[in-house]
*Asks:* 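The structure follows.
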Amino acid sequence: MDGHRKAGFGVPDGSRSETTTRTGRFCDLIVRFVAMILTLAAAVVIGVDKQTKTVPLQLAASLPPLHVPVTARWHYLSSFVYFVVANAIACSYAAFSLVLSLLNKGKCRGFIRSAIIVMDILTVALLFSGFGAAAAVGAIGWRGNSHLNWNKMCNVFGRFCGQGAASLLLSLLGAMAFLSLSLLSAFRLQRGFK
């Protein structure tokens with residue numbers, strides 16, 4: 001045996017260099033910060049999403065159409081509300097875990113380390129579920145549904161749909177950042193137990 005194993009971590013003494021640990025910690029902090037910014041941006045972009053258009057409404061064939069102002073807002077659709085709340089929770093968690101990681105200076109062990117890993121994975125699931133819900137409604141708004149006689153919405157509210165799509169992309173990138181944090185943690189655990 002080249003060295004004794006550290007208690008509970010399965011890592012031989014002296015096998016990890018200080019620069020590798022610092023680099024891993026720095027990458028973790030940067031990815032966590034990027035995830036926080038992306039989820040914040042996704043929530044803000046869709047949170048300010050609103051567009052008003054004047055739409056002709058034909059009541060009867062013999063009458064001229066009425067021009068009615070119609071407003072599209074994110075909070076009219078429950079899937080968009082869920083999407084905003086999911087991104088706000090993910091952003092809040094990213095800020096909290098970033099502060100926790102900075103305060104522990106890479107020395108978090110045991111319960112805190114495990115809790116951060118589990119919460120990262122739960123955040124990935126939360127963000128992907130919010131993305132799926134909002135993307136499904138967005139697809140109906142983009143294409144409509146002829147079987148249910150739902151008309152397209154994005155040909156009328158183009159800016160609203162474009163802003164919603166940008167928010168979806170930001171949230172997806174944020175979810176990928178949290179997924180990379182989970183994969184980094186899994187890699188560190190796997191490397192530590194060899």
Side-chain angles (χ1 to χ4, degrees), residues 27-99 119-185:
C27 286
D28 184 80
L29 292 175
I30 292 298
V31 173
R32 208 166 283 284
F33 180 75
V34 167
M36 180 185 71
I37 295 301
L38 287 170
T39 53
L40 175 66
V44 168
V45 166
I46 202 163
V48 298
D49 198 4
K50 172 185 166 186
Q51 185 178 7
T52 302
K53 286 281 195 166
T54 303
V55 179
L57 179 65
Q58 188 74 38
L59 296 176
S62 61
L63 296 174
L66 288 172
H67 295 283
V68 180
V70 179
T71 302
R73 292 185 177 150
W74 66 273
H75 60 84
Y76 291 165
L77 300 164
S78 59
S79 62
F80 284 175
V81 172
Y82 177 70
F83 177 77
V84 170
V85 170
N87 278 282
I89 289 171
C91 179
S92 301
Y93 165 69
F96 175 73
S97 64
L98 186 65
V99 169
M119 288 301 295
D120 285 347
I121 294 168
L122 290 175
T123 304
V124 170
L126 178 68
L127 285 173
F128 276 123
S129 69
F131 174 82
V137 170
I140 291 173
W142 181 261
R143 293 187 180 148
N145 189 330
S146 60
H147 300 292
L148 297 174
N149 204 18
W150 292 347
N151 296 328
K152 296 177 185 179
M153 189 185 89
C154 290
N155 57 344
V156 177
F157 297 102
R159 186 178 52 81
F160 178 81
C161 291
Q163 208 166 326
S167 181
L168 282 170
L169 178 64
L170 289 169
S171 180
L172 183 62
L173 292 173
M176 296 303 282
F178 275 108
L179 181 62
S180 67
L181 284 170
S182 300
L183 292 175
L184 282 171
S185 297

*Asks:* Between CD1 of Ile46 and CD of Gln163, what distance do you get to the nearest 0.5 Å?
*Replies:*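 Result: 8.5 Å between the selected atoms.
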*Asks:* Could you give the distance from CG (Leu169) to CG (Leu38), rounded to the nearest 0.5 Å?
*Replies:*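 The distance works out to 9.0 Å.
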*Asks:* Take Ser129 and Tyr82 through the test side-chain hydrogen bond (donor to acceptor under 3.5 Å, both in side chains) and record every step on the way to the result.
*Replies:* CA-CA 9 Å; Ser129 69; Tyr82 177 70; 2.6 Å; yes
*Asks:* Write down the atom of Trp74, the atom of Phe160, and the distance for their closest heavy-atom approach.
*Replies:*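 Looks like N-CE1, 3.8 Å.
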*Asks:* For a side-chain contact (heavy atoms from CB on, under 4.5 Å) with Ile89, tell me which candidate from Leu126, Leu122, Val84, Leu127 qualifies.
*Replies:*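 That would be Leu126; it is the only one of Leu126, Leu122, Val84, Leu127 passing the side-chain contact (heavy atoms from CB on, under 4.5 Å) with Ile89.
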*Asks:* Supply the atom-to-atom distance Leu77 CG to Phe83 CZ, rounded to the nearest 0.5 angstrom.
*Replies:*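 Rounded to the nearest 0.5 Å, the CG-CZ separation comes to 12.5 Å.
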*Asks:* Using the rule given for side chain to side chain contact (heavy atoms under 4.5 Å, CB included), can you reason through Phe178 versus Met119, listing the C-alpha separation, both sets of side-chain angles and the distance that settles it, and then say yes or no?
*Replies:* CA-CA 10 Å; Phe178 275 108; Met119 288 301 295; over 6 Å; no
*Asks:* Roughly how far apart are Thr39 OG1 and Leu172 CG, rounded to 0.5 Å?
*Replies:*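 Separation between the atoms: 12.5 Å.
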*Asks:* If you count every heavy atom of other residues, nucleotides or ligands that lies below 6.0 Å from Phe33 atom CZ, does the total exceed 12?
*Replies:*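 Counting neighbours around CZ of Phe33, 12 or fewer heavy atoms of other residues, nucleotides or ligands fall under 6.0 Å, so no.
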*Asks:* For Ser92, check side-chain hydrogen bond (donor to acceptor under 3.5 Å, both in side chains) against everything at least two apart and list the hits.
*Replies:*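 Testing Ser92 for side-chain hydrogen bond (donor to acceptor under 3.5 Å, both in side chains), a comparison that skips the adjacent residues, returns none.
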*Asks:* Rounded at 0.5 Å granularity, tell me how far CH2 in Trp142 sits from CG in Asn155.
*Replies:*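 Between atom CH2 of Trp142 and atom CG of Asn155 there are 9.0 Å.
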*Asks:* For residues Ala43 and Asn87, report the shortest heavy-atom separation together with the two atoms involved.
*Replies:*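 In terms of heavy atoms, the two residues are closest at CB-CB, 4.0 Å.
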*Asks:* Using disulfide bond (SG atoms under 2.5 Å apart) as the criterion, list what pairs up with Cys161, not counting sequence neighbours.
*Replies:*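 Scan of Cys161 (disulfide bond (SG atoms under 2.5 Å apart), adjacent residues dropped) gives Cys154.
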*Asks:* Would you give the length of the straight line joining atom CG of Asp120 to atom CG of Leu183, rounded to the nearest 0.5 angstrom?
*Replies:*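 CG of Leu183 is found 10.5 Å from CG of Asp120.
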*Asks:* With sequence neighbours excluded, what pairs up with Asp28 under the salt bridge (Lys or Arg N to Asp or Glu O under 4.0 Å) test?
*Replies:*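 In terms of salt bridge (Lys or Arg N to Asp or Glu O under 4.0 Å), with neighbours along the sequence ignored, Asp28 is linked to Arg32.
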*Asks:* Take Val44 and Leu40 through the side chain to side chain contact (heavy atoms under 4.5 Å, CB included) test and state the conclusion after the steps.
*Replies:* CA-CA 6 Å; Val44 168; Leu40 175 66; 4.1 Å; yes
*Asks:* Mind checking side-chain contact (heavy atoms from CB on, under 4.5 Å) for Ala135 and listing every partner two or more places apart, or none if nothing turns up?
*Replies:*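 With sequence neighbours excluded, Ala135 shows a side-chain contact (heavy atoms from CB on, under 4.5 Å) to Phe131, Leu168, given in chain and number order.
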*Asks:* List in chain and number order the residues that pass side-chain hydrogen bond (donor to acceptor under 3.5 Å, both in side chains) with Ser167, two or more places apart in sequence or in another chain; answer none if no residue qualifies.
*Replies:*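 Ser167 satisfies side-chain hydrogen bond (donor to acceptor under 3.5 Å, both in side chains) with no other residue.
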*Asks:* If you take all heavy atoms of Thr52 and Pro69, which pair is closest and at what distance?
*Replies:*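 That would be CG2-CB, 4.4 Å.
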*Asks:* Output a table of donor-acceptor pairs, distance under 3.5 Å, between side-chain atoms of residues 55-68 and any protein atom two or more places apart or on a different chain; print 'none' if there are none.
*Replies:*
{"unit_1": "Gln58", "atom_1": "NE2", "unit_2": "Ala60", "atom_2": "O", "d": "2.4"}
{"unit_1": "Gln58", "atom_1": "NE2", "unit_2": "Leu63", "atom_2": "O", "d": "2.6"}

*Asks:* Apply side-chain contact (heavy atoms from CB on, under 4.5 Å) to Ala165 and list each qualifying residue two or more places apart in sequence or on a separate chain.
*Replies:*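 In terms of side-chain contact (heavy atoms from CB on, under 4.5 Å), with neighbours along the sequence ignored, Ala165 is linked to no residue.
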*Asks:* Give every residue pair that meets the salt bridge (Lys or Arg N to Asp or Glu O under 4.0 Å) criterion with at least one member in residues 86-98, sequence neighbours excluded.
*Replies:*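 As it turns out, there is no salt bridge (Lys or Arg N to Asp or Glu O under 4.0 Å) pair with a partner in residues 86-98 once direct neighbours are skipped.
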*Asks:* Go through the structure and list residues passing side-chain contact (heavy atoms from CB on, under 4.5 Å) with Ile121, not counting sequence neighbours.
*Replies:*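 Ile121 satisfies side-chain contact (heavy atoms from CB on, under 4.5 Å) with Ile117, Ser182 once adjacent residues are dropped.
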*Asks:* Can you list everything that forms a side-chain contact (heavy atoms from CB on, under 4.5 Å) with Arg143? Sequence neighbours excluded, please.
*Replies:*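 Residues passing side-chain contact (heavy atoms from CB on, under 4.5 Å) with Arg143: none at all.
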